[in-house]
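In what follows, a structure is listed as structure tokens, so that the remarks can point back to it.
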Amino acid sequence: MLQLNTIRENREAVIAGLERKYFKDATVTVDKVLDLDKQRRQTQQELDGALAQANGLAKQIGQLMKEGKKEEAEVAKAQTAELKTRSKTLEEDLKVLENEQNALLVLLPNLPHQSVPPGRTPEENVEFYAWGEKPTLPQNAKPHWELIEEKNIIDFKLGTKITGAGFPVYKGKGARLQRAMIQFFLDEANKAGYLEVQPPILINAESGFGTGQLPDKEGQMYHATADDLYLIPTAEVPITNLYRDVIVAENELPVKMAGYTPCFRREAGSWGAHVRGLNRLHQFDKIEIVQIRKPAESYGALEEMAEHVKGLLQKLELHFRIIRLCGGDMGFASALTYDFEVWSGAQARWLECSSVSNFETFQANRLKLRYKNPETGKTELLHTLNGSALALPRIVAAMLENNQQPDGSIKIPQVLVPYCGFDSI
RNA sequence: GGAGAGAUGGGUGAGUGGCUGAAACCAGCAGUUUGCUAAACUGCCGUACUGGAAACGGUACCGAGGGUUCGAAUCCCUCUCCCUCCGCCA
């Protein structure tokens, strides 16, 4: 959530930022917020004045009673009646204004960083780094959805029976490969100084609000209505929320956490022709890294996280590129996002496998995640960041397709062999 | 699921209607003293909104939401959470 102060003091810049994110009616909405803000403050002043008077009278009455001046006390009591009705009305007005203002604020996305390229669609994202080369596949190369069936390692039909479409069952070497990758990614995160955490995978509405999934992406999450809990779409939500309502001691910064969880996405309405196989699932596994940083350090941390993800893909020997998302393609809460895409040889296209973002104070403002700045002595919002390191299914898809051998076997990257205990499928 | 107990500032913990935004202690910060460290002493030490250039004010907050009262941390109601015992159980 944007801070009111920011909007008050930088109206034009805020509007411009919202427009770069293609937020509809930016000017109208911002001005409406500012107008409500003015009304709200005025109402609060009136209310505070009325309450201050009432408090003064109450004190007098207490004094008079003590002194036995009963009649004078009664007179003062009569005066409070009018103040009471007035403050009640003002209180209601204030609540209405606050609610209206909040309802608008909550809908405003984060402002993009200066380096975010202009543009509205994925075509306008900017590639700025690439590693490796497109692999030369054997003549009889197949897409991963054929390979997994042929090798009997991932079974979509069984998943459909148990749950529904998009819930694959991993079997044999397929299951062992999943486990190996999870372990590998977590080990790498530990080596990079991240504290490993295992959070709940059901979250309450407050947590969903804290990181910005609610109310923006309500329809994307599975909702267990009996208990009003949501299945997490990413470990970002429970892990970042560990620091909700926290004033972090300066010597505990930076906070770096990593965790593995299954992730659940309804992906309502997004099923189409090129979401076959592992390209898009309702349930998948992901290792997430999260950092909490002082504002001045957060963009350095973003680069550090990107380096970490690069390292993982290089160790897995996968051809990949990094793109800077354009304003229109970026997420609601993000100020700057790098997407990592692996090359999927048999599909001959890029697959997103990681997204690393700096949210600046956007989440921290919702989370009330702060620290005491020793320079100013003030309590100030921190910056939050997160990234996938990595999401499994598309890595598996790329690995299976790119590593096909002429004899029909699939080579496992060297770094994973000790983890899974086999070197080919 | 049954029975009981509780929720106060970073921590421990006082506080049953006005003198309490909140004692005391610990931790923390600044200083005095001091070969160094330690100890001792003095002061400061919650959050949010809001007025003000600032100094300095106003309001709200003692789990959450309602209520009683001129006045509520304190009384009443509802909810949430936590703890203990019992039952069930991976």
Side-chain angles (χ1 to χ4, degrees), chain A residues 1-9 33-106 198-210 224-230 238 241-253 255 262 292 361 364-382:
Chain A
M1 189 154 66
L2 298 177
Q3 294 169 86
L4 259 177
N5 257 343
T6 313
I7 301 176
R8 259 184 229 145
E9 287 160 23
V33 167
L34 289 174
D35 181 50
L36 285 166
D37 189 47
K38 216 164 150 190
Q39 290 185 55
R40 194 197 98 241
R41 285 198 272 177
Q42 197 185 335
T43 307
Q44 173 153 20
Q45 273 179 58
E46 285 173 38
L47 173 62
D48 284 357
L51 289 173
Q53 267 187 48
N55 284 344
L57 278 172
K59 248 175 208 153
Q60 275 181 39
I61 291 166
Q63 192 58 34
L64 291 169
M65 300 283 262
K66 212 175 257 174
E67 292 166 9
K69 298 175 180 166
K70 243 189 164 167
E71 280 167 32
E72 285 176 48
E74 286 307 319
V75 174
K77 270 196 201 181
Q79 289 176 45
T80 61
E82 190 257 342
L83 278 174
K84 229 180 159 182
T85 44
R86 206 171 101 217
S87 58
K88 191 144 211 174
T89 315
L90 286 167
E91 215 168 286
E92 280 161 14
D93 292 350
L94 183 66
K95 201 168 257 177
V96 169
L97 290 166
E98 276 175 353
N99 287 343
E100 275 181 51
Q101 188 180 41
N102 227 8
L104 289 177
L105 276 178
V106 148
Q198 200 177 67
I201 60 176
L202 280 164
I203 50 144
N204 56 30
E206 290 77 53
S207 298
F209 176 80
T225 51
D227 297 286
D228 196 19
L229 297 172
Y230 296 85
N241 269 280
L242 296 176
Y243 279 82
R244 172 153 47 89
D245 281 317
V246 172
I247 298 178
V248 185
E250 209 218 346
N251 60 17
E252 282 174 37
L253 290 167
V255 173
I292 298 169
T361 59
N365 193 28
R366 295 174 160 227
L367 293 161
K368 299 209 187 344
L369 165 50
R370 295 162 296 177
Y371 80 119
K372 192 151 254 178
N373 184 338
E375 280 162 38
T376 62
K378 294 219 169 107
T379 308
E380 295 172 12
L381 293 173
L382 285 160

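Chain letters run A, B, ... following the sequence lines, proteins first and then strands; every chain starts at 1. Small disclaimer: the values here were computed from a predicted structure and weren't measured.
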Counter-base of B:rG31, judged by Watson-Crick or G-U geometry with both distances under 3.5 Å:
B:rC41
Taking C-beta and beyond as the side chain, do A:Asp48 and A:Gln45 meet within less than 4.5 Å on heavy atoms?
no
Using a 4.0 Å heavy-atom cut-off, does A:Ala76 contact any base of the nucleic acid, only the sugar-phosphate backbone, or nothing at all?
nothing
Here the side chain to side chain donor-acceptor pair (under 3.5 Å) pairs for residues 70-99 of chain A, sequence neighbours left out, are none
Quantified in whole Å, what is the P atom distance between nucleotide B:rU50 and nucleotide B:rU37?
45 Å
Look at A:Arg40 and B:rC49 and indicate whether a side-chain polar atom (N or O) is within less than 4.0 Å of OP1 or OP2.
no
What integer distance in Å separates A:Leu105:CG from B:rC49:C1'?
14 Å
Watson-Crick or G-U wobble partner of B:rC88, both distances under 3.5 Å
none
If I take atom NZ in residue A:Lys84 and atom P in nucleotide B:rU59, what distance separates them, rounded to the nearest angstrom?
17 Å
For A:Asp37 and A:Ile247, find the nucleotide of RNA chain B closest to each by heavy atoms; which residue's nucleotide sits nearer the 5' end?
A:Ile247
For residues A:Arg40 and A:Leu94, determine if any side-chain heavy atom of one lies less than 4.5 Å from a side-chain heavy atom of the other.
yes
B:rG51, B:rC70, B:rU47: which one has an atom nearest the side-chain heavy atoms of A:Lys77?
B:rC70
For the side chain of A:Thr379, counting heavy atoms from C-beta on, which of B:rU59, B:rA48, B:rG18 is nearest?
B:rA48
Take atom P in B:rU74 and the same atom in B:rC62, then report the distance between them in whole Å.
8 Å
How about A:Tyr243 and A:Val248: do any of their side-chain heavy atoms sit closer than 4.5 Å?
yes
Residue-phosphate contact under 4.0 Å: A:Arg370 side-chain N/O, B:rA48 OP1/OP2
yes
For A:Gln45, which contact category applies under a 4.0 Å heavy-atom criterion: base, sugar-phosphate, or nothing?
sugar-phosphate
If you find the nucleotide of RNA chain B closest to A:Ala54 and the one closest to A:Gly49, which residue's nucleotide is nearer the 5' end?
A:Gly49
Which value, rounded to the nearest 0.5 Å, describes the distance between A:Arg370 atom CZ and A:Thr361 atom OG1?
12.5 Å
What's the separation between atom CZ in A:Arg244 and atom CG in A:Leu369, rounded to the nearest 0.5 Å?
11.0 Å
Which value, in whole Å, describes the distance between the C1' atoms of nucleotides B:rC75 and B:rU69?
10 Å
When both hydrogen-bonding distances must be under 3.5 Å and the geometry is Watson-Crick or G-U wobble, what is B:rG9 paired with, if anything?
none
Pick the P atom in B:rU12 and in B:rG63, then give their distance to the nearest Å.
14 Å
Rounded distance (Å) that lies between atom C1' of B:rC70 and atom CE of A:Met65
8 Å
Distance between the P atoms of B:rG28 and B:rC82, in whole angstroms?
31 Å
To the nearest angstrom, how far is A:Asp228 atom CG from B:rC79 atom P?
17 Å
Should A:Lys368 be listed as having a side-chain N or O under 4.0 Å from OP1 or OP2 of B:rA48?
no
Atom CD of A:Gln3 and atom P of B:rC49 are separated, to the nearest Å, by 9 Å
Does B:rC36 have a Watson-Crick or wobble mate here (both distances under 3.5 Å), and if so which one?
none
Distance between C1' atoms of B:rG18 and B:rG6 (Å, rounded):
27 Å
Shortest non-hydrogen contact between A:Leu97 and A:Gln39, atoms and distance
CD2-OE1, 3.5 Å
Just by protein heavy atoms under 4.0 Å, how would nucleotides 60-67 of chain B read 5' to 3' in B, S and -?
S-----SS
P gap between B:rU68 and B:rC81, integer Å:
28 Å
Checking side-chain contact (heavy atoms from CB on, under 4.5 Å) against A:Tyr230, which of A:Leu202, A:Asn204, A:Ile203, A:Thr225 comes through?
A:Ile203
Distance check needed: B:rU69 C1' versus A:Lys59 NZ, whole Å only.
17 Å
Whole angstrom value for the distance that separates P of B:rU69 from CD of A:Gln60
21 Å
Quick one: CG on A:Leu105 to CG on A:Leu2, what's the gap to the nearest 0.5 Å?
7.5 Å
Quantified in whole Å, what is the C1' atom distance between nucleotide B:rG15 and nucleotide B:rA22?
9 Å
With the side chain of A:Gln44 defined as its heavy atoms from C-beta on, choose the nearest nucleotide among B:rC49, B:rU47, B:rC70.
B:rC49
What nucleotide among B:rU69, B:rU50, B:rG58 has an atom nearest to a side-chain atom of A:Arg41?
B:rU50
Atom CG of A:Leu381 and atom C1' of B:rA48: how far apart are they, to the nearest Å?
12 Å
Go ahead and name the base partner of B:rG51; Watson-Crick or wobble counts if both distances stay under 3.5 Å, otherwise write none.
B:rC56
N/O (side chain, A:Thr80) to phosphate O (OP1/OP2, B:rG71) under 4.0 Å:
no
Pair assignment for B:rG4, Watson-Crick or G-U wobble, requiring both distances under 3.5 Å
B:rC83
Gap separating the CG atom of A:Leu36 from the CG atom of A:Leu104, nearest 0.5 angstrom:
6.5 Å
